[in-house]
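Below is one structure; the comments refer to it alone.
What you see is a predicted model; the values in this text were computed from it and never measured.
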Amino acid sequence: MNMAGCRLRAVAEQLGALWTRSRCSVSAYSTAAQQRSAGDQTTVDDSTMDDRQSYAVRALEEKALKLEEEVRDLSERYRRALADSENVRKRTQKFVEDAKLFGIQSFCRDLVEVADIIEQAVEKATKEGIRDMSAVLSQLDGKLHGVFIKHGLQKMSPLEGEYDPYDHEIVCHVPAEGRKPGSIANISLDGYKLHGRTIRHAHVAIAVETHE
């Protein structure tokens with residue numbers, strides 16, 4: 001951001017200097033023209049003086065044209081510097097927004113492992129008929145996933161869906177058995193997304209056709 005600002009200031013200073021030089025050239029051109037006019041009125045028969053004045057006028061005209069070209073060039077550079085500055089500002093803003101959204105990404109990865117343990121405990125307690133423990137763990141699991149949703153952390157539900165290499169990791173293949181070949185037949189580890197960005201791939205089994 002500072003580099004873009006320095007470039008803008010440098011171009012602006014160059015434009016100011018060229019404007020001053022242009023005004024001086026125009027002033028000198030005007031003075032030379034007045035001197036030539038006065039020489040005509042006094043009818044000075046001095047061809048050498050006329051030649052010098054003509055040369056001075058031509059030189060000033062060439063210098064003015066050159067300065068105009070430099071002004072156009074610097075104006076274009078100034079516009080490019082402005083565009084670069086705006087691009088830097090947008091990239092910086094995007095970086096800050098991403099930092100706000102995904103700053104807790106590492107923390108979330110660790111937290112979902114806790115969710116795995118709780119879900120496994122709920123399933124085990126339910127199977128073994130430990131009703132009191134099952135109810136407590138279910139309540140805890142529900143509360144934890146409520147916190148997930150609040151902060152943009154979402155569990156994937158890809159079962160029977162299409163395989164996506166950006167979201168899923170294949171751990172095995174199983175017979176289709178009525179399922180669509182290539183679809184997800186089983187999930188061995190849940191995947192999670194944070195604000196739409198995958199932070200842990202789901203471990204899945206893919207249905208495949210079997211040939212007897």
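- Listed here is the closest heavy atom pair of P158 and A202: CG-CB, 4.4 Å.
- Partners of E123 by side-chain contact (heavy atoms from CB on, under 4.5 Å), not counting sequence neighbours: none found.
- The side-chain hydrogen bond (donor to acceptor under 3.5 Å, both in side chains) test applied to D141 returns H145, not counting sequence neighbours.
- For the atom pair CE (M156) and CG (L189), the distance works out to 10.5 Å, reported to the nearest 0.5 Å.
- Under the 4.5 Å side-chain heavy-atom criterion for grouping Ile, Leu, Val, Met, Phe, Trp and Tyr, V208 is not connected to Y163 through any hydrophobic cluster.
- Applying the side-chain hydrogen bond (donor to acceptor under 3.5 Å, both in side chains) test to T198 and every residue at least two apart in sequence or in another chain returns D167.
- Partners of E69 under the salt bridge (Lys or Arg N to Asp or Glu O under 4.0 Å) rule, at least two apart in sequence or in another chain, are R72.
- Within the model, atoms CD of E68 and NZ of K66 stand 13.5 Å from one another, a figure rounded to the nearest 0.5 Å.
- With sequence neighbours left out, the salt bridge (Lys or Arg N to Asp or Glu O under 4.0 Å) criterion links E169 to no other residue.
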For residues 172-186, tabulate all N or O donor-acceptor pairs below 3.5 Å that involve a side-chain atom, not counting sequence neighbours.
| unit_1 | atom_1 | unit_2 | atom_2 | d |
| --- | --- | --- | --- | --- |
| R179 | NH1 | A176 | O | 3.2 |
| K180 | NZ | E162 | OE2 | 2.9 |
| S183 | OG | K180 | O | 2.5 |

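- Among all heavy-atom pairs drawn from H151 and L194, the shortest one is O-CD1, 3.6 Å.
- Nearest heavy-atom pair across K155 and E119 is NZ-OE2, 2.8 Å.
- Considering CG of L144 and CD1 of I149, their distance stands at 10.5 Å, rounded to 0.5 Å.
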Query raised in the report: Under the salt bridge (Lys or Arg N to Asp or Glu O under 4.0 Å) criterion, do E76 and R80 qualify, and how do the steps go?
Result: CA-CA 6 Å; E76 180 61 27; R80 287 199 298 267; 3.7 Å; yes
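- In this structure, NE2 on H203 lies 10.5 Å from CG on D190, to the nearest 0.5 angstrom.
- Linking Ile, Leu, Val, Met, Phe, Trp and Tyr residues whenever their side-chain heavy atoms come within less than 4.5 Å leaves I187 and V112 in two separate clusters.
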